[in-house]
Amino acid sequence: MPLWEGRFKKNIDTKTNDFNSSISFDFRMYKQDIQGSIAHAKMLSKQGIIDKVEAEKIVCELNKIMYDINDGILKIDQEAEDIHMFVEAELTKRLGDTGKRLHTARSRNDQVALDLRMNLKEEITTLIKLLKGLIKELLQKAEENVETVMPGYTHLQRAQPITFAHHLLAYVEMFIRDINRLEDTYKRTNVMPLGSCALATTTYNIDREFVKEELGFYNVTQNSLDGVSDRDFVIELASNISIIMMHLSRISEEIIMWCSWEFKFIELDDAFSTGSSIMPQKKNPDIAELIRGKTGRVYGDLITLLTMMKGIPLAYNKDMQEDKEAIFDSIDTVKICMETLSPLLKTMKIFKENMKKAALNGFINATDCADYLVKKGLPFRKAYKIVGQIVSFCIENNITLDEMTIEQYKSFDNNFNDDIYSEISLEKCVSNRNVIGGPSPVQVRKRIEELKEIY
Ligand code: ARG
C-alpha cells in the first residue's frame, strides 16, 4: 500500500502509477535530496523537534544510502513515485519508526523545490566552466589569426575586410554575456525554500537560516506560497540556455558554410566529421548541423516551461513535475553541444589563403577607397558616388580596384595619387580600423590579452 494508505483503500492503478511517477527522471537529484534531508534532520534535532540520537541515526543512514546508490549497491526502484518517496521509504526500511520521523515539518513541495535549486546551482557552475573552455579555444584560434584577412559580411555579401581573429572574438563576446546571464540566474537560484512546507510553513519552531547555512545558500525564500511554486529560476536557466544554443547555432552555421567548397575557409578534422554512405567524396559537418538542429528542441523546452507555468494557481500543482524533464533535457543538450564544439574548433584546419582570396574579390575595400577621397577633402556622399562608378567600371572590365591604373583612377577624380594602392591594400584597410572594437591587429591583440587574463 502507498504512503497515504490511511486515507486510501486501494492501491494505485499500475498504468496510472507509471503516468504519475517522476522517478525515471528525478532520480538524478538523489544526492541533493539526501543532502537536503541530512540538513533537515540536523535542524530538527537542534531545535528539539526530534530526538538527537534518532537524528544521528537518520543522518548516518542517509549517508549510507547515498554511498549505496553511488556504488550501485542500492538500485533505484522504478515503481517509486519519485526520488523523495524512494529515499524516505528506503530510510524507513532500514531504520523503522526512526526513519518515519524525518518528514516532520516538511513537504515534498518544498523538498522538490530545494532539490531542484541545489541541482541547478551545480549545473549552472558546470555550464559556466564549459563556456570558459569554449572561450579559451576561440582565444587560442584568434591569437593564431590576428593577421588572417577575410571578408566581413552583411547580408552574406562581402562587405569590408576584417580578420578571422576579429570574427572569432565576436563569438567570445557572446559567450561572455552568456556567462554573465548564468551568474545572474545563479543568484536567484541560490535561495533556500525549505520550511515553506506544503504551502503555509509549519507550526514547529524550525530554523530555516540553519538549513540555509548547512546547504550553502545565500538567502531563504520570503513567502511560503512562492517558495513552493516559483519556477522562475528554471525558466531563466532555460532561457539562458536557449540563448547559448542560439549562439552555438550561429557559429555552427558559419562552420557549415566555411566547410563548403564555395567557401573552403576551414576543414574539420576527420574525428569531427562524417562521410556519406553513397558519395565517396563527401566530408560532412554533421556535428555542426546537429548543434544547429538541437537548438530547436531547447527552444521547445523553454516553451514547455513557460506554458506549463502560465495557468496554474498558487501554490504547488502537479503540472510542475513537468519542469524537470524540460530543464534536464536543455542542460544535457547544451552540455554535449559545447563538449563537442570545443575540440571541433581546436582541431579545425584554417585555410588562410582562401580567406585572403575571398577578401581580394568583391570590392570590400571600396569604402576605404571612398574614405581616401574624403581624406583628400571631398564630402563623403560625393566620394561614395565616384567610387560606385569606379566599381561599376571595374565590373565591366573584369578587374579589381587594385588593378586599376593611376590614369584610370584620375579619369574619375583628380585627387587620386599613387598612395591609393597602399591605402586600399587589405592589410591597410584592416589596420586602419584602429578604434576600440575594431579589427586592426593592435585592437584585437589588446582584447585577446585582456581576455586571456580572465579566461
Ligand atoms: N515529484 C513531484 C514533483 O516533481 C514532487 C512533489 C510532489 N508533491 C505533491 N504534492 N504531489 O513535482
Side-chain angles (χ1 to χ4, degrees), residues 1-8 10-37 39-40 69 76-92 100 102-123 189 191-202 211 215 221 223-235 237-238 301 304-332:
M1 282 297 278
L3 205 70
W4 34 78
E5 64 181 319
R7 171 74 173 79
F8 284 59
K10 267 190 190 170
N11 264 330
I12 189 167
D13 168 72
T14 316
K15 250 224 148 47
T16 306
N17 188 45
D18 292 345
F19 179 63
N20 195 45
S21 166
S22 54
I23 191 91
S24 63
F25 47 87
D26 66 16
F27 74 91
R28 74 189 251 171
M29 307 193 299
Y30 78 88
K31 275 193 191 138
Q32 291 84 25
D33 192 74
I34 293 172
Q35 285 160 356
S37 288
H40 182 64
I69 300 177
I76 308 272
D77 173 12
Q78 293 301 322
E79 297 298 302
E81 189 183 314
D82 55 32
I83 188 61
H84 328 293
M85 301 275 244
F86 171 76
V87 172
E88 193 187 336
E90 183 62 26
L91 188 72
T92 305
K100 292 183 184 169
L102 172 66
H103 210 56
T104 317
R106 188 177 72 169
S107 153
R108 278 184 300 155
N109 297 351
D110 57 348
Q111 198 178 347
V112 72
L114 175 76
D115 294 3
L116 194 53
R117 283 176 182 272
M118 288 172 69
N119 187 280
L120 297 190
K121 275 170 64 180
E122 276 181 33
E123 297 290 9
T189 309
V191 189
M192 208 288 298
L194 211 67
S196 305
C197 302
L199 74 160
T201 70
T202 178
V211 177
L215 295 174
T221 53
N223 178 291
S224 61
L225 297 174
D226 185 49
V228 288
S229 70
D230 166 27
R231 292 294 182 274
D232 293 3
F233 62 100
V234 184
I235 295 174
L237 179 56
D301 291 330
T304 297
L305 289 164
L306 286 166
T307 314
M308 179 268 286
M309 286 302 289
K310 88 177 182 56
I312 50 182
L314 296 180
Y316 179 84
N317 297 266
K318 186 77 167 189
D319 315 41
M320 289 158 72
Q321 178 166 289
E322 290 286 309
D323 59 2
K324 283 170 280 301
E325 277 170 298
I327 194 64
F328 293 158
D329 180 66
S330 289
I331 290 168
D332 294 344

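Atoms within a ligand are numbered from 1 in the order they appear, just like the ligands themselves.
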Got the closest protein heavy atom to [atom], with its distance?
{"atom": "atom 1 (N) of ligand 1", "value": "Gln321 OE1, 2.8 Å"}
{"atom": "atom 11 (N) of ligand 1", "value": "Arg108 NH2, 3.4 Å"}
{"atom": "atom 4 (O) of ligand 1", "value": "Lys324 NZ, 2.7 Å"}
{"atom": "atom 5 (C) of ligand 1", "value": "Asp82 OD2, 3.5 Å"}
{"atom": "atom 8 (N) of ligand 1", "value": "Asn109 OD1, 2.9 Å"}
{"atom": "atom 7 (C) of ligand 1", "value": "Tyr316 OH, 3.5 Å"}

### Summary
Here the salt bridge (Lys or Arg N to Asp or Glu O under 4.0 Å) pairs for residues 109-119, sequence neighbours left out, are Arg117-Asp230

### Message
Within the 4.0 Å heavy-atom shell around Ser22, which atoms of ligand 1 are there?
### Response
1 (N)

### Query
Relative to the heavy atoms of His84, which atoms of ligand 1 are at a distance of less than 4.0 Å?
5 (C)

### Message
Tell me whether Glu81 reaches ligand 1 (any heavy atom closer than 4.0 angstrom to a ligand atom).
### Response
no

Is any side-chain N of the basic residue among [X] and [Y] closer than 4.0 Å to the acidic one's carboxylate O?
{"X": "Glu81", "Y": "Lys318", "result": "yes"}
{"X": "Lys324", "Y": "Asp82", "result": "no"}
{"X": "Arg28", "Y": "Glu123", "result": "yes"}

### Residue of the set Met192, Lys31, Gln35 for which side-chain contact (heavy atoms from CB on, under 4.5 Å) holds with Met118
Gln35

## Note on the structure
Shortest non-hydrogen pair, Ala238 vs Ile327, comes out as N-CD1, 3.7 Å

### Query
What about Lys318: any of its N or O atoms under 3.5 Å from an N or O on ligand 1?
no

### Distance in Å, Met85 CE paired with His103 NE2, rounded so as to fall on 0.5 Å steps
8.5 Å

